[in-house]
Amino acid sequence: MLQKFLDLPLRIKFILSFLLVIGAGGLISLFLGTRLEHRTIMSLAEAKVRHDLVSAWNVYNEKINDIRDIVLLNSLRDSIQRALLARDRENLLRILSLIRREFKLDILSLTDEEGRVVLRTRNPEIYGDDLSSDPFIARALAGQVVGGTGIVRREILMKEGEDLASKAYLKFIPTPKAAPRPEDHEENGLMLMAASPLLNSQGKVIGVLYGGILLNRNYEIVDRVKDIVFKGEKYKGKEIGTVTIFQNDLRISTNVTDESGQRAIGTRASQEVVETVLKNGKPWIGRAFVVNHWYIAAYEPIKDLNNQIIGMLYVGMMEKPYIDLRNNVMLTFTGMAGLTSIILLLILSAVTSTIIKPLQGMVQATQRIAQGELNHRVAVDSRDEIGQLAESFNRMTENLKLANENLIQWSKTLERRVEERTRELKEMQDYLVQSEKLASLGKMAAGIAHEINNPLTSILINTHLLLEKLEKLDKKDEFYENLSLIAEETSRCTQIVRGLLEFARESKPQKTQTDINDLIERTVLLLENKASFQNIRIVKQLKPDLPLILLDRAKIQQVFWNFMINACEAMPHGGQLTITTDLSENKKAIEIRFIDTGVGIPPEHINKIFDPFFTTKPSGTGLGLAICYGIIQQHNGAIEVKSEPGRGTVFTLYLPLETKDITMKGGN
Amino acid sequence: MTATGKNKILVVDDEITVCKSIRQAILSEDYEVDMALSGEEALGKDKEKNYDLIITDLMMPGMSGLDLLKQIKASRPEAKVVMITGYPTIRTAVESIKMGAFDYIPKPFTPAELRALVSRAIKPQEAEAVSEAKAVETKIPAGYYYLLGHTWLKLEEGNQAKIGVMPDFLNSIGIITQLELPRIGDFISQGEVCAKITDADRFVHRVWSPATGRVIEINVNLLQDNSLLRRFPFEEGYLFRIEASRLEEDLQGLLLAK
């Protein structure tokens with residue numbers, strides 16, 4: 001896994017890392033944000049619903065106060081007091097019915113000073129029954145003006161008006177989450193009531209005027225609250241805010257609607273709410289499943305005059321808009337987060353590109369350089385680390401190029417040196433072959449000389465003795481001639497053996513610092529004294545001030561002498577011998593040339609002239625040039641021959657200024 | 001000399017044919033020639049006969065020629081010993097002269113060459129009378145190097161040297177009829193022929209060079225008047241001048257006059 005990540009291109013790694021950071025940050029903030037937002041929205045909603053409940057209570061209590069005011073004001077009216085005292089029911093009915101209709105009360109009735117009903121405006125036929133036990137009536141009889149909510153039992157309702165009883169009657173509609181109840185209907189009613197005593201001039205209670213509004217199926221309060229608080233706001237065709245009045249757990253007045261759009265009276269509150277509000281008397285605020293939707297709801301108990309809980313007032317706001325709002329906010333938030341991420345990614349991508357691009361350039365450059373394009377350079381655009389890297393890289397490449405050029409140069413030099421050394425080796429090999437030839441020849445010569453000397457001595461002596469005898473007999477005949485021939489040839493053998501021995505003789509070269517020009521001059525002087533070469537012109541072209549050179553004077557002179565004699569002998573009819581000296585081209589050797597205008601050497605002989613016993617002269621031993629060759633080798637020098645038959649020969653000697661001491665193997 | 005008046009000569013060589021050939025070459029009415037095939041045999045014979053001249057090969061199995069020379073010279077210093085040498089042992093031959101050998105002769109040689117040498121070895125005893133020879137100065141000047149009984153060498157500037165013949169060599173020859181000198185430019189080696197002197201008996205005597213080098217000058221006066229040789233053997237009677245090439249080595253084989 002980690003390895004796979006490490007193997008990814010740098011660009012992807014960058015982006016993945018940033019994505020991880022952005023993603024994690026985004027998710028965490030989204031999570032925290034939504035939670036916070038949810039809680040904020042929900043607590044806002046709850047606060048609002050709490051506030052709305054207060055408003056609802058205001059409307060509710062205002063209504064109670066209205067009723068209270070109505071009964072209070074009318075209880076003070078003289079005409080009513082007088083009619084009561086007079087038990088003028090007709091007049092009372094007329095006055096009070098007018099008031100009840102005017103103020104839209106459901107009931108408005110009058111009792112006497114003992115609490116017996118004198119007149120029910122809604123049902124005048126029934127009167128005389130005792131209501132003194134009713135908490136409202138009882139308090140009013142005691143001189144109090146009271147208002148509040150109370151349960152009105154069915155038999156009372158029946159008396160106040162049959163239609164009220166049937167209005168109050170509600171069959172339970174099965175509701176999910178509701179607490180089970182043994183009954184299946186409600187026949188009592190919940191009423192807003194007020195009672196006020198009628199006082200005579202002495203302040204004595206002469207009767208009680210009470211009135212009320214049955215809340216069952218009465219939607220005035222709830223709709224008014226809704227209008228005031230929610231201003232009729234709707235969400236997708238549904239009221240956002242709902243208000244309900246419960247009688248116990250039963251919805252008796254509400255603007256919560258069911259699926260068919262009907263007000264959902266007859267349905268009941270959930271068990272959870274019942275437990276909190278009805279049983280424990282505490283307000284309940286929170287999410288609640290009302291009929292068939294989730295609401296953010298607030299419930300508070302409705303209490304009667306004896307502080308008994310008889311119902312609940314509920315205000316709820318549909319949760320959906322808040323959820324949607326929350327979702328919208330979340331969506332917006334997420335969208336913005338996403339958008340931010342994308343923008344960040346784009347920026348990141350651009351930044352990464354600016355970082356990666358030179359790196360990629362460098363990677364490409366590395367590859368091109370690896371392929372040998374040493375002139376390739378990385379563009380340096382910035383002064384940051386990457387810029388510095390690119391610069392260092394370029395410097396490195398420059399150095400690499402230089403090193404490479406040096407290497408190429410060096411390898412060329414090496415090649416040249418190898419060639420040189422190969423040539424030198426070849427020369428050395430030739431030299432070794434030649435020296436080996438000479439060395440083995442020397443050994444053989446010594447052996448032969450020793451062995452052949454004894455028989456030669458016998459032959460020579462005996463031949464001569466025979467010759468002497470023939471001479472004494474004065475017989476110079478055929479035998480004598482043949483014997484002479486034997487004697488001559490034996491002498492020649494002697495000469496050859498001597499030559500061989502001279503050739504094979506080992507002697508340490510005695511080297512001294514020598515002026516080559518001086519040595520040439522001396523040798524030429526010797527040559528000029530030889531009468532036999534008088535028709536040969538000797539030309540010297542000697543370079544002055546040549547460095548001294550360490551050599552065996554006698555041996556080198558021997559070589560000069562041999563070349564000069566050879567040159568002169570090559571010009572039997574006269575000619576010119578030119579002797580030149582100079583420094584060699586590389587200044588490491590002295591170059592001596594012997595140029596003659598003689599007969600030249602045939603090409604087929606050129607390679608053999610230094611071989612021992614090779615000779616074209618009838619009387620030569622063929623050792624002269626071989627000995628010269630040996631001497632020059634002893635001086636680490638070289639001999640070069642160029643010849644053109646009929647035009648002449650050039651012998652060039654190279655004598656190195658600094659000599660490595662290679663002693664010649666040879667001799668006996 | 002024997003009772004018959006003949007000079008007694010012993011030839012020593014490990015090869016019988018060589019011995020015989022040599023004996024044949026020098027055998028004459030004047031010489032009685034014996035042969036020995038080894039140094040040991042030669043010593044035994046010499047004890048018996050006290051030879052006038054012993055001609056011995058230098059290289060022999062067993063007792064070498066040099067050992068033989070030493071032993072004979074130790075018991076009879078007056079005896080004359082001539083060494084026969086091969087060319088490679090020429091330096092040893094030069095050494096042998098220092099040790100008292102009368103002369104040496106390189107193989108191979110002709111009967112004439114051998115006879116010339118033998119005559120020179122035997123001659124002084126009969127040629128005492130040669131008046132000219134008597135006149136020869138025998139004192140060697142100081143600073144002269146010499147090859148005993150043969151030649152001298154006088155160092156000059158550079159590596160040059162003057163070379164001449166020792167008076168006792170001339171004395172052993174007698175009358176000089178002909179003198180042969182090397183040519184300019186010739187390269188001569190120590191112990192090898194550098195000049196030839198012919199005597200009245202037409203014996204050609206070879207003169208050994210005391211040093212190695214190239215001939216750079218000839219004493220041309222000698223060619224006109226060879227009496228200079230005898231009259232001024234260490235001065236005007238010199239033979240030639242060389243440019244020596246192996247002086248240091250060569251001088252070891254020579255004696256220095258004081």
Side-chain angles (χ1 to χ4, degrees), chain A residues 445-447 449-469 487 490-491 493-494 497-502 504-510 512 518-519 522-532 552-558 560-562 564-565 667-668, chain B residues 11 13-28 57-59 84-91 105-115 158-160 183-190 192-193 211-218 220 242-250:
Chain A
H450 187 70
E451 291 306 317
I452 218 166
N453 261 339
N454 285 341
L456 271 182
T457 307
S458 301
I459 293 167
L460 202 58
I461 289 171
N462 288 303
T463 313
H464 278 276
L465 288 177
L466 278 174
L467 279 172
E468 280 166 17
K469 274 191 180 154
T490 312
S491 290
C493 280
T494 309
V497 168
R498 284 186 61 127
L500 258 179
L501 289 168
E502 172 67 39
R505 186 149 102 172
E506 185 188 38
S507 63
K508 263 197 295 183
Q510 298 205 331
T512 49
D518 176 60
L519 198 61
R522 283 163 185 268
T523 317
V524 168
L525 203 66
L526 300 178
L527 187 72
E528 279 167 347
N529 285 330
K530 268 182 111 78
S532 46
D552 187 319
R553 286 175 65 95
K555 289 194 167 178
I556 293 298
Q557 194 174 27
Q558 167 93 36
F560 292 168
W561 181 253
N562 261 322
M564 289 182 200
I565 295 291
N668 41 6
Chain B
V11 178
D13 198 305
D14 57 310
E15 271 193 52
I16 184 81
T17 45
V18 177
C19 273
K20 280 183 177 170
S21 301
I22 292 172
R23 184 167 175 274
Q24 284 287 319
I26 55 177
L27 195 62
S28 70
D57 193 13
L58 204 60
M59 299 251 291
I84 305 170
T85 172
Y87 190 76
T89 51
I90 202 108
R91 203 159 287 277
I105 180 163
K107 278 197 261 193
F109 45 83
T110 60
E113 285 163 345
L114 182 63
R115 281 181 206 131
N159 270 336
Q160 297 188 351
R183 287 165 302 177
I184 288 174
D186 280 359
F187 189 82
I188 52 170
S189 298
Q190 186 184 48
E192 288 183 49
V193 183
T212 308
R214 196 167 292 278
V215 177
I216 54 170
E217 193 221 318
I218 302 286
V220 282
I242 63 163
E243 181 164 298
S245 56
R246 281 200 290 262
L247 253 188
E248 213 177 308
E249 221 176 308
D250 287 348

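Predicted, not measured: the structure shown is a model, and the values here were computed from it.
- Both the backbone and the side chain of A:Gln557 come within less than 4.5 Å of a heavy atom of chain B.
- Only the side chain of B:Arg115 comes within contact range of chain A, with heavy atoms under 4.5 Å apart.
- For B:Glu15, the part lying under 4.5 angstrom from a heavy atom of chain A is the side chain only.
- For the side chain to side chain contact (heavy atoms under 4.5 Å, CB included) test with A:Phe560, the passing option among A:Ile565, A:Leu527, A:Leu519 is A:Leu519; the others fail.
- Atoms CD1 and CD, on B:Ile188 and B:Gln190 in that order, are 10.5 Å from each other to the nearest 0.5 Å.
- Per-residue heavy-atom pair counts under 4.5 Å with chain A were compared for B:Glu243, B:Glu113, B:Arg183, and the maximum is reached by B:Glu243.
- Side-chain atoms of B:Asp13 do not come within 3.5 Å of backbone N or O of B:Cys19 as any donor-acceptor pair.
- Of the atoms belonging to A:Asn462, it is side-chain heavy atoms, and not backbone ones, that fall under 4.5 Å from chain B.
- Contact of B:Leu247 with chain A is made through the backbone alone, with heavy-atom distances under 4.5 Å.
- A pairwise comparison of heavy atoms in B:Ile84 and B:Ile22 identifies CD1-CD1, 3.5 Å as the closest pair.
- Counting only distance, with no hydrogens or angles, the side chain of B:Arg214 and the backbone of B:Gly185 share a donor-acceptor pair below 3.5 Å.
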